[in-house]
Amino acid sequence: MKALQRITVLGATGSIGQSTLDVIAQHPERYEVFALSGHARLDELFALCQRHRPKCVVVATAADATSFSQRLREAGLATEVLHGEQGLSDVASASEVDAVMAAIVGAAGLKPTLAAVRAGKKVLLANKEALVMSGGLFMQAVRDSKAVLLPIDSEHNAIFQCLPGNYAQGLSQVGVRRILLTASGGPFRETPLANLETVTPEQACAHPNWSMGRKISVDSATMANKGLELIEACWLFDARPSQVEVVIHPQSVIHSLVDYVDGSVLAQLGNPDMRTPIANALSWPERIASGVAPLDLFAIARLDFHAPDEHRFPCLRLARQAAEAGGSAPAMLNAANEVAVAAFLDRRIRYTEIARIIDAVLSQEPGGSLENLDAVFEADTVARRTAVQWLTRQGR
Ligand code: NAD
Ligand code: MG
């Protein structure tokens, strides 16, 4: 029998966190939850602790930790409660842990994800923002610590599955011509451009194919998500931005493709359910059941493909520019996008102003190289400050 693998799930209360726990619960003979983290929604975190009985749980603040400990004790649970950034990094790097699901949303996930990488863990990367911000440093840390980095983003997991095992030798060495990154086009793929000014957060979060957290749902609507994924693909697979082409595929059945020099194009297909890439990465290089229904090609009947329209999706163009500029530009793009999306979800700005804020930040801030993690956080801080100044100037 295989040794039980102990898993830390960072961002357990989120969409990816819950799907991960669903897959883990289907295989109690293979996986055990070591630690869970949650930032808000403490009732849900408590229910997860009752169900999965982790050794540790991480909450946001010392005050949350005190009240959460009390609640666990009253329920007869011996779970140790940690808090804050240090607590997250501790459960990501603990010696008992075999694998870490990095599923915190946004820049907040960078330090704990890097802690898991530096401790040489098997790291299941959902938190794309961490890699976008710190790309070269992150990948160097993976090489130095011999961590095993497995992509959870459905597109990158698909590409990973379509590449040969020795792809790290270089894409051209293994005969890859291009990576084709698929995108659904989100809920506003066909909305008249003039109507985009007035779309609401509820409309933006109503994704046609995927059920996800609110931030990534807005990113999918603007296609900033695809822009972040383009940068993510460049780092994961050592590709140039020009080697990654974005293809709108509204059915979200093909999760991405790899185009080889001999004319072969390999694709990974499946129902749009994150439990497939999660199960793939958890059990890699083996395969386990995920609970996802088999793909019914007859029910799907057709697959469509379109080129993205840059007028409709300016965030995608801005992300490509940031990818080509390199250095601190992707970290700044990410930070500006996080501020803009939060303001949109708060109804302080219009949907169309998300791209305007990113554009303003990238054109005002000169950017530079990223020598170390301090430089990454400095770029993040500068971009957030500039984005907030934009909001203030507009009286938001
Ligand atoms: P979500 O909003 O549903 O969950 C986010 C999780 O992060 C929650 O557990 C929350 O408590 C935690 N969190 C939020 N702010 C935090 C902070 N400041 N400190 C610590 N923890 C914090 O998000 P999600 O949809 O599960 O996405 C998680 C990550 O996975 C994102 O980076 C997203 O881009 C990526 N991803 C998600 C999907 C998907 O289908 N949901 C697909 C691909 C990639
Ligand atoms: Mg994705």
Side-chain angles (χ1 to χ4, degrees), residues 8-22 35-48 57-61 64 68 82-89 91-92 101-113 115 123-133 150-160 181-186 205 207 209-220 222-233 236 246 249 252 254-256 268 270-278 281 292 334 337-338 341-342 345 380:
T8 283
V9 183
L10 302 174
T13 50
S15 165
I16 293 286
Q18 307 254 13
S19 293
T20 304
L21 291 170
D22 181 287
L36 299 176
S37 89
H39 198 66
R41 311 221 303 255
L42 293 184
D43 289 343
E44 283 173 40
L45 187 62
F46 182 72
L48 293 177
V57 64
V58 188
V59 294
T61 63
D64 287 344
F68 206 74
L82 295 84
H83 69 270
E85 219 167 52
Q86 189 59 49
L88 293 169
S89 292
V91 298
M101 166 55 80
I104 290 173
V105 60
L110 175 55
K111 280 190 182 160
T113 306
V123 180
L124 316 183
L125 183 73
N127 179 210
K128 67 192 87 184
E129 296 92 341
L131 186 56
V132 167
M133 289 171 74
L150 294 165
I152 292 298
D153 222 334
S154 56
E155 297 77 4
H156 305 73
N157 185 269
I159 296 160
F160 179 71
L181 196 64
T182 54
S184 69
C205 288
H207 196 279
N209 308 333
W210 297 95
S211 152
M212 309 182 284
R214 280 162 69 77
K215 190 257 176 185
I216 184 175
S217 295
V218 175
D219 286 351
S220 299
T222 61
M223 281 186 83
N225 182 52
K226 212 49 55 181
L228 297 175
E229 290 185 356
L230 185 154
I231 299 167
E232 183 185 13
L236 285 173
V246 174
H249 162 48
S252 299
I254 296 183
H255 299 304
S256 278
Q268 186 259 359
N271 286 318
D273 186 323
M274 289 306 291
R275 290 176 302 171
T276 294
I278 290 167
V292 176
N334 178 66
N337 183 54
E338 284 192 30
V341 171
L345 286 170
D380 178 88

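Order of listing sets the numbers, starting from 1, for every ligand and every atom in it.
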List below, pair by pair, the N or O atoms of ligand 1 and of the protein that are less than 3.5 Å apart, including the distance to 0.1 Å; reply 'none' if no pair qualifies.
| residue | atom | partner | partner atom | Å |
| --- | --- | --- | --- | --- |
| ligand 1 | 3 (O) | Ser15 | N | 2.9 |
| ligand 1 | 7 (O) | Val105 | N | 3.4 |
| ligand 1 | 9 (O) | Gly11 | O | 3.3 |
| ligand 1 | 9 (O) | Thr13 | N | 3.4 |
| ligand 1 | 9 (O) | Thr13 | OG1 | 2.7 |
| ligand 1 | 9 (O) | Gly14 | N | 3.2 |
| ligand 1 | 11 (O) | Thr13 | OG1 | 3.2 |
| ligand 1 | 11 (O) | His39 | N | 2.9 |
| ligand 1 | 19 (N) | His39 | ND1 | 3.2 |
| ligand 1 | 25 (O) | Gly213 | N | 2.8 |
| ligand 1 | 26 (O) | Ser15 | N | 3.1 |
| ligand 1 | 26 (O) | Ile16 | N | 2.9 |
| ligand 1 | 30 (O) | Ala126 | O | 3.4 |
| ligand 1 | 32 (O) | Glu129 | OE1 | 2.6 |
| ligand 1 | 41 (N) | Ser15 | OG | 3.3 |

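Judged by distance alone, with hydrogens and angles left aside, the side-chain atoms of Thr182 form no donor-acceptor pair with the main-chain N or O of His249 at under 3.5 Å. Between the Asn127 side chain and the Ile104 main chain, a donor and an acceptor come within less than 3.5 Å of each other. Between the Asn157 side chain and the Pro151 main chain, a donor and an acceptor come within less than 3.5 Å of each other. At distances below 3.5 Å, not a single donor-acceptor pair connects side-chain atoms of Thr276 with backbone N or O atoms of Pro272.
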* Assess whether side-chain contact (heavy atoms from CB on, under 4.5 Å) is satisfied between Leu181 and Lys226, documenting all intermediate values. => CA-CA 8 Å; Leu181 196 64; Lys226 212 49 55 181; 4.0 Å; yes
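Asp22 and Gln18 share no side-chain donor-acceptor pair at under 3.5 Å.
In this structure, CD1 in Ile278 is found 4.5 Å from OG in Ser19, a value given to the nearest 0.5 Å. Interatomic distance, Asp380 CG to Leu110 CG, rounded to the nearest 0.5 Å: 8.5 Å.
Glu155 and Lys128 are not joined by a salt bridge, as no carboxylate oxygen comes within less than 4.0 angstrom of a charged side-chain nitrogen.
The Mg ion (ligand 2) has Asp153 OD1, Glu155 OE1, Glu229 OE2 as its protein N, O or S neighbours under 2.8 Å.
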